[in-house]
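Because the structure is predicted, anything quoted here is derived from the model rather than measured.
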Amino acid sequence: MKLLLSWCIALGLSTQVIAEVAVNSLTQSEEKSGWRVLFDGKTTDGWRNYKKTEVSDGWQIADGALTRVSKGAGDLITDEQFDNFELSLEYKISKGGNSGVMFHVLETAGAPWHTGPEIQVQDNVDGHDPQKAGWLYQLYQPSMQPGTDSRMDTTRPAGEWNQLYIRIKQGDCEVCMNGVRYYRFKLGDKTWKDRVSKSKFAKFEGFGNAGKGHICLQDHGNEVSYRNIKIREIGEDGMVPQPIDGKLALTGKLAFSNLKWDQWEPIDDSGKLRPLRLMELTHADDGTNRLFAASQYGAIWTFENRQDVEKSHLFLDLRGKVYDWKRPGANEQGLLGLAMHPNFKETGLFYVYYSHPDNKRSIVSQFSVSKTDPNRADPDSEVVLMDIPQPFQNHNGGAIEFGPDGYLYIALGDGGFRNDPLSNGQNLGTLLGSILRIDVDHPSDGRNYGIPADNPFVDRDGARPEIYAYGVRNPWRIAFDRETGKLWLSDVGQELWEEVLIVEKGGNYGWSIREGFHPFGEAEAVSSGQDPVDPIWEYDHQIGKSITGGRVYRSSRLPELNGKYLYADYVTGTVWALSYDAATGKVTRNEQVVPESIPVLAFGEDQAGDVYYLTTSTRGECIHRFEAK
């Protein structure tokens, strides 16, 4: 570890070290949200052989793993029975080996697979069974790999650890291999029954119909190891515990309730309803007490920061110049970022990030305020700083922020689609999947911006010098803590995990070989040569499905929020406040601010450090703030 730290310091890279989660243990979020371990890495407590009272000597524990080592080991089952649950485990299969994980197993006549459906475990390269790892044996398979005639396979080779996730829940079952969804199904529905009737299991009365039973690890005659076996039972209402330490006595309230948006109507030219969606709310720190609000459709307004304010001014109108988020598949495109120059009072400069209206490109541009009207920008003053190709419509990122060092930070997603098909997350040769840092005040080398001399990869062959940190999927969004200078980032996950990061120079944040603390996809090696940095927090997709990053609250108006990072989930509408101890690198508390009710698009901040949350509204009522109950 000392050598690693010395190497990082010498190269000017991140020295952020967060303790890795020990094998056979839980993350903070897992523990708070109802997960528990089924295997402690030391004993076989809670397990026994099928129709036996103990575990045979054919299963041994070594290096924190439960391994089938000899002939006659026999199938293992849990002492407990489970109905609705989530199971996460890691397996390591031997070359050519085969095993399986079964659920709802009953100890009736015959083998465990006579009652319990089996998710296959095997070496997909040299294994003998046409049913591949992760397949629900003879019943469900992953979809076809795009552009090929073969089925998706995200397993890692024999001798390496793979993570298998299984959710068995009334009306909603799912299997993921190394974080990638293979398939979903409904246990007992017509499709399920039709498939069972055509399988070898049709002759076993009651197969898959128990509704509750043991979990089973199969002995198929080959060496296999299991570890990190975790389970979470799902309540009858389909819910799981929130990963919180308490609830704050706060509520959300419409801010600026009398505000009228200059030249905005909720109906477009074709007569269709067009709600207002705000992506950013910020200030210029210029002593005018103004706020600036940017809409995804391309309009930026300014207005006085008073709760009774009525009038706004259309500061810059880019409608028609940015990609319309209402077009098919364009939900993550449009005007996505706004940042005022740190010395806006003197320079009159500000910066935007938007999607090009015709081509798959993201534009970062500079504009100037009008010389005659401080509430208007000069629409003809645009200077394009960066023109970034985008392979797909989603995962554009788009948040931009000036740091305490005066440089502009730009959050870029991996370019989109699913599973990072172009492997951009770990590729330092592309801007995508990264946080960029550029100097807008000192253009150089033919660019309209400069490269800070201490950017971490300026001297690395093949790396883009603009990159400050990398390994992110879809950063939504970024924010600097005005007191500590730390850069916070919330990264939207794919199948299973949402995460919160503290970004430091040179940090690799894992995507797309990891999602949160967990393995993702079939690639294990880190092509960039830098081990991933752990998130400071994560939550799973039974808690929420799309994180919205916020800001650290630094206003005196609500002391109970001071110093806490506010964030939300867009799908479930929950807002939380995270307390973080920088000295230990650990979260100390996660509190619920507002329960499930508010689809938050983004957060904003005023000059006093008060934080607002932004939503969609056909009435233009998009800006809210927290109030004591």
Side-chain angles (χ1 to χ4, degrees), residues 22-25 36-83 85 87-124 126-129 131 133-137 155 158-166 168 200-201 204 206-208 210 212-231 233:
V23 174
N24 303 311
S25 64
R36 58 189 173 98
V37 294
L38 283 180
F39 169 61
D40 64 7
K42 301 175 183 177
T43 72
T44 56
D45 291 350
W47 295 85
R48 57 185 173 84
N49 279 101
Y50 182 66
K51 296 185 178 180
K52 304 290 184 181
T53 59
E54 297 180 346
V55 175
S56 75
D57 292 338
W59 290 92
Q60 296 290 318
I61 298 173
D63 299 323
L66 181 59
T67 303
R68 187 274 183 200
V69 295
S70 62
K71 185 177 180 180
D75 299 325
L76 287 186
I77 63 170
T78 55
D79 286 338
E80 296 179 73
Q81 295 189 31
F82 304 95
D83 48 13
F85 65 89
L87 178 70
S88 176
L89 59 80
E90 294 180 357
Y91 73 84
K92 182 167 62 175
I93 192 70
S94 56
K95 184 177 176 63
N98 189 299
S99 182
V101 178
M102 288 168 264
F103 62 91
H104 289 178
V105 168
L106 300 180
E107 292 182 285
T108 56
W113 56 270
H114 291 185
T115 55
E118 175 193 345
I119 290 91
Q120 175 80 312
V121 169
Q122 80 156 352
D123 170 14
N124 278 0
D126 296 310
H128 59 82
D129 199 315
Q131 300 289 306
W135 296 17
L136 187 53
Y137 207 93
T155 58
E160 296 183 11
W161 290 104
N162 288 272
Q163 185 188 67
L164 180 64
Y165 168 84
I166 304 165
I168 304 301
K200 70 177 184 179
F201 308 110
F204 300 115
F207 171 82
K212 184 176 183 179
H214 304 278
I215 291 167
C216 177
L217 305 180
Q218 184 186 51
D219 172 16
H220 207 278
N222 307 117
E223 182 176 315
V224 62
S225 297
Y226 292 95
R227 70 179 189 183
N228 278 335
I229 308 173
K230 307 174 184 180
I231 197 163
E233 296 180 77

For residues [X] and [Y], determine if any side-chain heavy atom of one lies less than 4.5 Å from a side-chain heavy atom of the other.
X      : Y      : result
Thr155 : Tyr91  : yes
Asn24  : Ile229 : no
Tyr226 : Leu76  : no

How far does [atom1] of [X] sit from [atom2] of [Y], to the nearest 0.5 angstrom?
X      : Y      : atom1 : atom2 : value
Gln163 : Arg227 : CD    : CZ    : 10.5 Å
Leu87  : Leu164 : CG    : CG    : 7.0 Å
Ile231 : Ser88  : CD1   : OG    : 10.5 Å
Gln81  : His214 : CD    : NE2   : 4.0 Å
Glu233 : Ile168 : CD    : CD1   : 13.5 Å
Leu89  : Asn162 : CG    : CG    : 10.5 Å

Q. Excluding sequence neighbours, so at least two apart, what forms side-chain contact (heavy atoms from CB on, under 4.5 Å) with Leu136?
A. Phe103, Pro117, Ile119, Leu139, Tyr140, Tyr183, Phe185, Trp192
Q) Who pairs with Lys200 by side-chain contact (heavy atoms from CB on, under 4.5 Å), at least two apart in sequence or on another chain? A) Trp113, Tyr137, Gln138
Q. Salt bridge between Lys51 and Glu107, side-chain N to carboxylate O under 4.0 Å?
A. no
Donor-acceptor check, side chain of [X] to backbone of [Y], threshold 3.5 angstrom: yes or no?
X      : Y      : result
Asn124 : Ala133 : yes
Trp59  : Arg48  : no
Asn49  : Ser56  : yes
Ser225 : Ala65  : no
Asp126 : Gly96  : no
Gln122 : Asp129 : yes
Thr78  : Glu80  : yes

Shortest non-hydrogen contact from [X] toward [Y]:
X      : Y      : result
Thr115 : Leu106 : OG1-N, 3.0 Å
Gly41  : Ile61  : O-CG2, 3.3 Å
Ala210 : His104 : CB-O, 3.9 Å
Gly100 : Glu118 : CA-OE2, 3.6 Å
Ser94  : Glu223 : OG-O, 2.8 Å
Phe82  : Ile215 : CD1-CD1, 3.8 Å

**Q.** Contacts of Asp45 that satisfy salt bridge (charged side-chain N to carboxylate O under 4.0 Å, His left out) - sequence neighbours left out
**A.** none
Q.
The criterion is salt bridge (charged side-chain N to carboxylate O under 4.0 Å, His left out); which residues satisfy it with Lys230, sequence neighbours excluded?
A. Glu30
Q: Please identify each residue that fulfils side chain to side chain donor-acceptor pair (under 3.5 Å) with Ser70, with sequence neighbours left out.
A: none
Q | With sequence neighbours excluded, residues passing side chain to side chain donor-acceptor pair (under 3.5 Å) with Asn222 | A | none
**Q.** The single option from Val105, Val101, Asn98 passing side-chain contact (heavy atoms from CB on, under 4.5 Å) against Gln218
**A.** Asn98
Q | Residue from Asp79, Leu217, Ile77 passing side-chain contact (heavy atoms from CB on, under 4.5 Å) with Trp47 | A | Leu217
